[in-house]
Asker: 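Okay, handing you the structure first.
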Amino acid sequence: MMRTRPLKVALLGCGVVGSEVARIMTTHADDLTARIGAPVELAGVAVRRPSKVREGIDPELITTDATALVKRGDIDVIVEVIGGIEPARTLITTAFEHGASVVSANKALIAQDGAALHQAAVEHGRDLYYEAAVAGAIPLIRPLRESLAGDKVNRVLGIVNGTTNFILDAMDTTGAGYQEALDEATALGYAEADPTADVEGFDAAAKAAILAGIAFHTRVRLDDVYREGMTEVTAADFASAKRMGCTIKLLAICERAADGGSVTARVHPAMIPLSHPLASVRGAYNAVFVEAEAAGQLMFYGPGAGGSPTASAVLGDLVAVCRNKLAETTGPGDSAYTQLPVGAMGEVVTRYHISLDVADKPGVLAQVATVFAEHGVSIDTVRQTGKDGEASLVVVTHRAPDAALTGTVDALRRLDTVRGVASIMRVEGE
C-alpha cells in the first residue's frame, strides 16, 4: 500500500551535483514515488550563498544554517554534497542524532573517517550510503558490498579519476606533453583551476581507501594508501610504453596479499598492456576491474564525475535509504571483520620499467646488471641506444618486492657510469 505522507529530504550543498539532485527529484517525482512506495519532498537546502538564483528550487527552502536544518527532527534523509571534512563530519553525525539517515558523495570524509561515521549511524539506527563517493554514476560500492558479499575479492584495479585519464589519453593519442594536455583539460572544464587533488593522486587515493575497505572487509584509511602523482609522466614515457605494447594510466590498485594475511592500497601511474580492458578507457571516463575467486574478472565502466552522473548515484542511494526507512530497517553497514593489516608499499610485488642515461662505453651494461643481481631483481628485457659517448638504457624487470626495486634504483644512482635516472614506472595488468 502506497504511503501518502512524504519522506522529507534535505540537501546540504546545491552546487553542480546538489542542484542536479534537486532537479531530478522534481522532474522524476512520480517515478521516485512508485519506486520507493511513498512520495519524497525536498524540505530544505543549505547553501553558503543564498542570493544565488537556483532555478526550480523554492527560495523558501534555502537556508544558510545547515546545523539548524539537520537538527529539525522531521527530516528523514540528509543528502550531503558539500565535500571536505568539516563541517560535513559534524553535520552528518548531528543528522544521525536527530533521526535522519545520510546519503553522501564525500570521498575525502569517508576515506578518513568512514569507520567512525558508520559507528555513529549504527548507534542511532540510521543508514549511511555513499555510492557517489567513488566513480560517479558507475555502480561499484553496492556490487562490492552486496552482489559480491558471498565471494572473496582479491584485487581491485581501476581508473577512478576522469581528469587524469583525459590528460594521459591526450598525451597518448596526440603526443602532447603533460602541460599541453593539462591546459586542454582545463579549457574543456575537465580540470579544476587548481588540479593538484587530481594530478597528484589525492582524489584517487581517497577512492582507493574506500574500495579497499569494502572489498577486503577491513579498515583502510587514506593515510594507508601509497600515493604518487602523474606530473612527471613524459612523452618519452609514452614512446617507451608503445614499444612495449603498453599505454600509461593513473591506477588505483587494491590487493590482497598472496598469503591472504594483509592488504595494500596504492595510486600511481603505470604501464599496462594494450590488451588489458583498462587500456581502452578513453577521455574522462572511469573503469574499475575487479578480480574475485568465484565471479572471476568483472569490469565496471562509465562516466566518473559530473553533475548528472554523480546525481544518478546519489538518487540511487536515496531510493534505497527511503525504502529502508519505510521498512523500518537499515541496509548493509561497515564490514571490517577481517581486521587485516595494511601492508607498506615496499611489500608490494610488481615490475619496473627503468630508463637510465649512461656513459656509452664497454662494461656499463654489466655494471647495471650486477646491481640488479645484488638486490635480487631479475631482468626481463634490456634495450640500449647511444652515440657520442652518451647512451640510453631501458630495463624492464620481472616481478619483485617494491623495496628491492627501490634499493636497486638507489644503487644505480651511485654508479659513476649512470648519468641519471630518466624515468621509473611500474608495469601492471599482466
Side-chain angles (χ1 to χ4, degrees), residues 5-33 35-36 38-110 117 120-121 124 126-134 136-137 305-325:
R5 184 172 65 82
L7 292 162
K8 294 188 176 183
V9 178
L11 272 175
L12 304 183
C14 196
V16 173
V17 176
S19 59
E20 189 66 8
V21 170
R23 184 192 69 80
I24 294 173
M25 285 182 63
T26 301
T27 58
H28 294 185
D30 291 343
D31 286 337
L32 291 173
T33 298
R35 294 167 190 172
I36 292 168
V40 289
E41 172 191 327
L42 186 59
V45 182
V47 299
R48 285 182 295 180
R49 296 184 294 276
S51 59
K52 180 180 177 180
V53 176
R54 293 173 171 85
E55 187 176 345
I57 297 178
D58 184 350
E60 293 296 319
L61 298 178
I62 302 295
T63 179
T64 57
D65 193 343
T67 301
L69 182 59
V70 300
K71 284 183 174 181
R72 271 178 40 175
D74 65 332
I75 302 296
D76 295 291
V77 184
I78 295 290
V79 174
E80 183 271 308
V81 287
I82 57 177
I85 306 303
E86 288 291 358
R89 174 171 50 197
T90 299
L91 290 170
I92 288 174
T93 55
T94 302
F96 292 147
E97 293 166 1
H98 289 79
S101 290
V102 173
V103 173
S104 176
N106 196 331
K107 54 187 170 288
L109 179 58
I110 301 300
L117 292 175
H124 296 283
R126 308 301 169 199
D127 272 324
L128 173 62
Y129 277 48
Y130 42 87
E131 183 69 62
V134 179
S308 294
T310 305
S312 171
V314 169
L315 266 296
D317 279 350
L318 179 63
V319 169
V321 170
C322 286
R323 286 172 174 170
N324 292 342
K325 189 84 173 182

Asker: Just checking E60: does its CD atom have more than 12 heavy atoms from other residues, nucleotides or ligands closer to it than 6.0 angstrom?
Answerer: no
Asker: Ignoring hydrogens, what is the shortest heavy-atom contact between V81 and G13? Give both atom names and the distance.
Answerer: CG2-O, 3.5 Å
Asker: What is the distance from atom OG1 of T26 to atom CD of E55, rounded to the nearest 0.5 Å?
Answerer: 11.0 Å
Asker: If we ignore hydrogens and angles and just use 3.5 Å, is the side chain of E131 paired with the main-chain N or O of V134 as donor and acceptor?
Answerer: no
Asker: Has T93 got a side-chain atom pairing as donor or acceptor with T90's backbone, closer than 3.5 angstrom?
Answerer: yes
Asker: Tell me if the CG atom of D30 is crowded by more than 12 foreign heavy atoms within 6.0 Å.
Answerer: no
Asker: Just so I know, are the side chains of L117 and I110 near enough to count as touching, which here means a heavy-atom distance under 4.5 Å?
Answerer: yes
Asker: Just so I know, are the side chains of R323 and R35 near enough to count as touching, which here means a heavy-atom distance under 4.5 Å?
Answerer: yes
Asker: Atom CD in E41, atom CE in M25: separation rounded to 0.5 Å?
Answerer: 8.5 Å
Asker: If I compare all heavy atoms of A313 with all of A137, which pair ends up nearest, and what's the gap?
Answerer: CB-CA, 4.4 Å
Asker: Find the distance between NZ (K8) and CD1 (I75) and round it off to the nearest 0.5 Å.
Answerer: 6.5 Å
Asker: Do you know the tightest heavy-atom contact between L42 and L61?
Answerer: O-CD1, 3.4 Å
Asker: Tell me if a side-chain donor or acceptor on S312 pairs with a main-chain N or O of S308 at a distance below 3.5 Å.
Answerer: no
Asker: Would the distance check show the side chain of R54 and the main-chain N or O of K52 forming a donor-acceptor pair, the cut-off being under 3.5 Å?
Answerer: yes
Asker: Considering all heavy atoms of both residues, which atom of L109 and which atom of G84 are nearest to each other, and what is their separation?
Answerer: CB-O, 3.9 Å
Asker: Testing T310, L32, V40 one by one against L315 for a side-chain contact (heavy atoms from CB on, under 4.5 Å), which residue passes?
Answerer: L32
Asker: At their closest point, which heavy atom of E20 faces which heavy atom of G307, and how far apart are they?
Answerer: CG-O, 3.8 Å
Asker: Have a look at V102 and tell me which of V79, D127, I78 forms a side-chain contact (heavy atoms from CB on, under 4.5 Å) with it.
Answerer: I78
Asker: List the atom of A38, the atom of L7, and the distance in Å for their closest heavy-atom pair.
Answerer: CB-CD1, 4.3 Å
Asker: Can you tell me how far the NE2 atom of H124 sits from the OG1 atom of T94, to the nearest 0.5 Å?
Answerer: 9.0 Å
Asker: To the nearest 0.5 Å, what is the distance between CD1 on I82 and CG on L11?
Answerer: 11.0 Å
Asker: Report the C-alpha separation of V77 and C322 in whole Å, then their side-chain angles, then the decisive distance to 0.1 Å, and conclude whether the side chain to side chain contact (heavy atoms under 4.5 Å, CB included) test is met.
Answerer: CA-CA 8 Å; V77 184; C322 286; 4.0 Å; yes
Asker: Okay, side chain of R126, backbone of E97: is any donor-acceptor separation there less than 3.5 Å?
Answerer: no
Asker: Give the intermediate values and the outcome of side chain to side chain contact (heavy atoms under 4.5 Å, CB included) for residues N324 and S101.
Answerer: CA-CA 10 Å; N324 292 342; S101 290; over 6 Å; no
Asker: In Å, rounded to the nearest 0.5 Å, how long is the span from CD1 of I36 to CG of L318?
Answerer: 5.5 Å
Asker: Answer whether the closest heavy-atom distance between the side chains of H98 and V70 falls below 4.5 Å.
Answerer: no
Asker: Measure from the side-chain N and O atoms of N106 to the backbone N and O of A133, and report whether any donor-acceptor pair falls under 3.5 Å.
Answerer: no
